[in-house]
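Naming: A, B, ... by sequence-line order, numbering from 1 per chain.
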2 protein chains.
Amino acid sequence: MTTIYDIAQLSGISKSTVSRVVSGNGYVSEAKRKRILKAMHDLDYVPNQTAKNLRRQHSNTLGFLVSDYFPLVGEFMNVFVQAAHAKGYNVNLYFTQNKQGEREALDLLATKMLDGIFLMTRINSWSVIESYQAFGPIATWHRVNLPDIYSAYLDHYPVYTMILNRLLAHGYTHIGHVFSSNRDANTQARVRALQDFGHANPGLKLSWQKHFTHQTQAGQNAAKAWLQERIPPQAVICYSDHVAAEFIATLREGGKRVPQDCLVIGTDNSQVAKLVGFPTVDLCFRQQAQNSFNYLFNQLRNAELPVQSLHPKWVDWGPFPQVKN
Amino acid sequence: MTTIYDIAQLSGISKSTVSRVVSGNGYVSEAKRKRILKAMHDLDYVPNQTAKNLRRQHSNTLGFLVSDYFPLVGEFMNVFVQAAHAKGYNVNLYFTQNKQGEREALDLLATKMLDGIFLMTRINSWSVIESYQAFGPIATWHRVNLPDIYSAYLDHYPVYTMILNRLLAHGYTHIGHVFSSNRDANTQARVRALQDFGHANPGLKLSWQKHFTHQTQAGQNAAKAWLQERIPPQAVICYSDHVAAEFIATLREGGKRVPQDCLVIGTDNSQVAKLVGFPTVDLCFRQQAQNSFNYLFNQLRNAELPVQSLHPKWVDWGPFPQVKN
DNA sequence: TTGAAAGCGCTAACAG
DNA sequence: CTGTTAGCGCTTTCAA
């Protein structure tokens with residue numbers, strides 16, 4: 001492997017001058033620059049990023065942590081990584097299966113092996129995560145109210161209310177719900193929205209509610225429960241598009257028609273909603289990914305990239321029929 | 001940030017001894033080890049990976065390069081990253097939008113910023129990619145026959161023949177094809193399989209063929225073309241599940257029934273096939289991801305992790321009806 | 001079993 | 001404009 005020293009030797013110029021042309025900092029005479037460039041070319045010189053990182057005490061690398069893969073991760077990551085690359089940042093991916101693994105990844109912040117971290121999904125408590133913030137900026141997808149951690153969240157309370165109102169306007173009076181873990185602040189917001197809606201509209205049947213901690217098979221299990229009911233809900237709101245898609249697939253396997261027998265609604269506007277064809281709400285995850293990167297970048301470089309507000313909206317990839325009684 | 005030096009100071013023991021307990025190499029007396037451990041704990045010591053990497057001339061990090069995101073990337077990467085983590089490797093993700101970007105990522109091999117590379121999708125010619133192999137192992141998803149680059153490929157010729165035969169057995173005589181770029185060796189294999197099949201079975205209509213370089217909207221555009229036909233194919237084989245799903249969605253939007261009006265077949269066995277519900281062929285991408293990592297690991301560590309052979313098989317997530325005339 | 005010392009490849013004062 | 005010098009934090013001989 002050829003180093004800065006080799007090219008200094010070959011060109012008969014000092015290491016530091018070579019460094020100047022490699023890094024582009026400082027003045028170098030045209031003559032010497034030419035000779036150095038030639039030597040670099042002749043020797044196939046490639047700068048050693050690791051040495052550079054050690055010296056500069058940062059890596060131009062961001063960590064993207066998820067505890068588990070689920071379909072939206074790929075789509076989200078895609079936006080995040082593109083944004084990062086556009087600004088010269090690399091991203092390191094970590095599937096943190098447990099507390100220990102998550103801490104190890106977080107530890108990398110302390111030595112600037114990672115300059116900043118995006119947490120799509122967390123395992124450790126916020127208090128331990130927060131303690132790492134001293135070493136570098138942290139952004140998260142989760143809804144959380146911490147002074148030093150940026151959260152790309154969108155409040156699900158009004159979104160859920162919006163969904164319920166539309167359902168009501170279309171004549172639905174028996175509505176089921178598939179929620180994520182109650183630990184999640186936005187799940188709590190949804191549940192609250194549901195309660196308030198129930199009080200405001202007495203007489204509706206809203207009690208069919210399922211909670212799932214993991215996306216794996218949540219849709220399938222919820223649909224199986226639906227199929228068992230003597231009088232199942234006319235519509236079911238799922239906490240993610242993937243769950244909705246799986247719910248629909250399982251219902252159809254069970255011989256039911258969607259949306260005729262049950263209208264299923266997702267909340268992501270991910271690719272699968274379009275493919276399977278059901279109504280969903282765009283929760284702006286693409287903008288959230290961009291915002292998260294922008295926040296991290298702004299912290300790191302003292303910049304002012306825009307962090308835009310989010311405007312959820314309906315995306316009807318499938319029919320939203322009036323209920324027939 | 002506390003370093004090995006700080007804890008040497010605090011405990012009154014030399015740097016090198018501290019290093020021994022941190023890295024776990026070499027003998028250290030129990031007494032000193034205890035004191036050092038205590039100091040490490042008191043000072044919240046976190047080893048500096050960058051310094052370690054510079055010194056050891058490797059990073060325990062693999063590069064995962066893709067030119068563009070497409071849905072299978074997420075699922076594939078999931079398996080690859082999990083496999084890597086299980087063996088103590090991290091993975092760095094690169095979306096290499098152009099030749100330049102791909103080379104920059106490949107360059108990282110030279111300095112062991114990256115110990116090995118997996119190429120899901122490439123941009124530069126194989127000859128330039130091959131030249132990097134001197135710096136570290138390279139594996140790829142593409143089908144390519146290069147002595148020094150591992151390719152996780154599965155031969156699509158027999159797979160395509162298998163699909164055609166099943167279609168024929170079910171009475172299909174007019175079969176359409178959505179292919180990827182002809183540059184791809186496995187696309188060429190599919191086309192050859194089709195030609196040979198046509199010769200062996202004269203009288204079939206097999207000429208409806210579309211080629212797409214990118215997955216984005218391939219399914220949609222192909223379906224639009226299908227909808228224009230006076231006598232469209234009874235079945236269409238798509239080169240990926242995502243393309244198949246989009247094809248189906250567009251057909252349905254156009255008022256057609258699937259599979260009644262057109263049987264659509266995918267080839268991935270990705271999540272979307274299950275969700276949308278259509279027949280697909282498992283091309284074992286999960287095993288391919290595992291194999292790719294295992295190959296890289298074997299090269300790097302002179303190990304013998306199994307690189308297993310691939311056995312494609314039908315997965316009917318949706319009906320495969322007999323054709324009715 | 002331990003410490004001193006050299007050095008991985010690069011950058012950035014500093015002095016000239 | 002350029003060279004000398006001193007490290008970044010860690011590992012690893014080598015000698016004690």
Side-chain angles (χ1 to χ4, degrees), chain A residues 1-37 39-40 43-61 104 107-115 135-136, chain B residues 1-37 39-40 43-61 104 107-115 135-136:
Chain A
M1 196 200 43
T2 105
T3 75
I4 216 175
Y5 179 78
D6 300 321
I7 93 128
Q9 289 284 299
L10 182 70
S11 60
I13 301 172
S14 81
K15 254 166 28 121
S16 18
T17 306
V18 174
S19 170
R20 286 189 187 96
V21 358
V22 171
S23 65
N25 300 134
Y27 301 105
V28 178
S29 69
E30 256 328 292
K32 292 207 173 180
R33 173 185 306 277
K34 279 242 170 63
R35 275 163 60 200
I36 290 172
L37 251 15
M40 280 168 55
L43 265 43
D44 273 332
Y45 172 72
V46 174
N48 185 316
Q49 263 303 130
T50 305
K52 203 178 280 192
N53 292 347
L54 177 59
R55 179 61 228 234
R56 313 184 76 158
Q57 302 282 19
H58 68 249
S59 58
N60 265 242
T61 301
E104 279 169 13
D107 273 340
L108 267 18
L109 260 191
T111 59
K112 294 289 168 257
M113 174 90 178
L114 256 26
D115 291 349
F135 302 113
Chain B
M1 194 201 40
T2 107
T3 75
I4 217 176
Y5 179 77
D6 300 320
I7 93 132
Q9 289 285 299
L10 182 68
S11 60
I13 302 172
S14 81
K15 251 166 32 121
S16 11
T17 305
V18 174
S19 171
R20 287 188 189 98
V21 357
V22 171
S23 65
N25 301 134
Y27 301 104
V28 177
S29 67
E30 258 326 292
K32 291 207 172 177
R33 173 185 306 277
K34 280 241 169 66
R35 274 164 60 201
I36 290 173
L37 252 15
M40 281 168 56
L43 265 44
D44 273 331
Y45 172 71
V46 174
N48 186 316
Q49 264 302 132
T50 306
K52 203 179 280 191
N53 292 348
L54 176 60
R55 178 62 227 240
R56 314 183 77 156
Q57 302 282 18
H58 69 250
S59 58
N60 266 244
T61 301
E104 280 169 13
D107 273 340
L108 266 17
L109 261 190
T111 59
K112 294 290 170 258
M113 174 89 176
L114 255 27
D115 292 348
F135 302 113

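- A heavy atom closer than 4.0 Å to some atom of DNA chain C occurs in B/Tyr27, B/Val28, B/Ser29, B/Lys32, these being the qualifying members of residues 24-33 of chain B.
- Shortest non-hydrogen contact noted between B/Thr111 and A/Val46 is CG2-O, 3.8 Å.
- Across its full length, the helix from C/dT1-D/dA16 to C/dG16-D/dC1 shows an angle of 40° between the axes of its 5 terminal pairs at either end, rounded to 10 degrees.
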Please tabulate, for side-chain N and O atoms in residues 7-16 of chain B, each donor-acceptor pair with protein atoms closer than 3.5 Å (sequence neighbours left out).
| from | atom 1 | to | atom 2 | distance (Å) |
| --- | --- | --- | --- | --- |
| B/Gln9 | NE2 | B/Tyr5 | OH | 3.3 |
| B/Ser11 | OG | B/Ile7 | O | 2.7 |
| B/Ser14 | OG | B/Ser16 | OG | 3.4 |
| B/Ser14 | OG | B/Thr17 | N | 3.4 |
| B/Ser14 | OG | B/Thr17 | OG1 | 3.2 |

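- Protein chain B contacts DNA chain C from C/dT1 to C/dG9, reading 5' to 3' and using non-hydrogen atoms of the protein with a distance under 4.0 Å.
- Rounded to whole Å, the distance from CZ on A/Arg55 to P on D/dG7 is 10 Å.
- For DNA chain D, the neighbouring residues in residues 14-22 of chain A, judged by any heavy atom under 4.0 Å, are A/Ser14, A/Ser16, A/Thr17, A/Arg20.
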Counting only pairs under 3.5 Å, give me each side-chain donor-acceptor contact of residues 24-34 of chain B, with atom names and distances, residues two or more places apart or in other chains.
| from | atom 1 | to | atom 2 | distance (Å) |
| --- | --- | --- | --- | --- |
| B/Ser29 | OG | B/Lys32 | N | 3.4 |
| B/Glu30 | OE2 | B/Arg33 | NE | 3.4 |

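- Following rounding to the nearest Å, A/Met113 (CE) and D/dG9 (C1') show an atom-to-atom distance of 13 Å.
- When all heavy atoms are compared, the tightest approach of B/Thr61 to B/Met113 is CB-O, 4.1 Å.
- Here B/Asn48 pairs with nothing under the side-chain hydrogen bond (donor to acceptor under 3.5 Å, both in side chains) rule; sequence neighbours left out.
- Applying the side-chain contact (heavy atoms from CB on, under 4.5 Å) rule to B/Asp6 yields the partners B/Thr2, B/Thr3, B/Leu43; only residues at least two apart in sequence or on another chain are considered.
- Counting to the nearest Å, the P atom of D/dC10 and the CG atom of B/Asn60 are 16 Å from each other.
- With sequence neighbours excluded, the residues satisfying side-chain hydrogen bond (donor to acceptor under 3.5 Å, both in side chains) with A/Glu104 are A/Gln100.
- With sequence neighbours left out, the side-chain hydrogen bond (donor to acceptor under 3.5 Å, both in side chains) criterion links A/Asn53 to A/Gln49.
- Contact between A/Tyr45 and A/Ile4 at its shortest, heavy atoms only, is CE1-N, 3.6 Å.
- Taking every heavy atom of residues 44-54 of chain A and every atom of DNA chain D, pairs under 4.0 Å involve A/Leu54, by number.
- The NE2 atom of A/His58 lies 11.0 Å from the OG1 atom of B/Thr50; values are rounded to the nearest 0.5 Å.
- In terms of the side-chain hydrogen bond (donor to acceptor under 3.5 Å, both in side chains) criterion, residue partners of B/Ser59 (sequence neighbours excluded) are, by chain and number, B/Asp115.
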Give the C-alpha distance, both sets of side-chain angles, the deciding distance and a yes or no for side chain to side chain contact (heavy atoms under 4.5 Å, CB included) between B/Arg20 and B/Ile36.
CA-CA 10 Å; B/Arg20 287 188 189 98; B/Ile36 290 173; over 6 Å; no

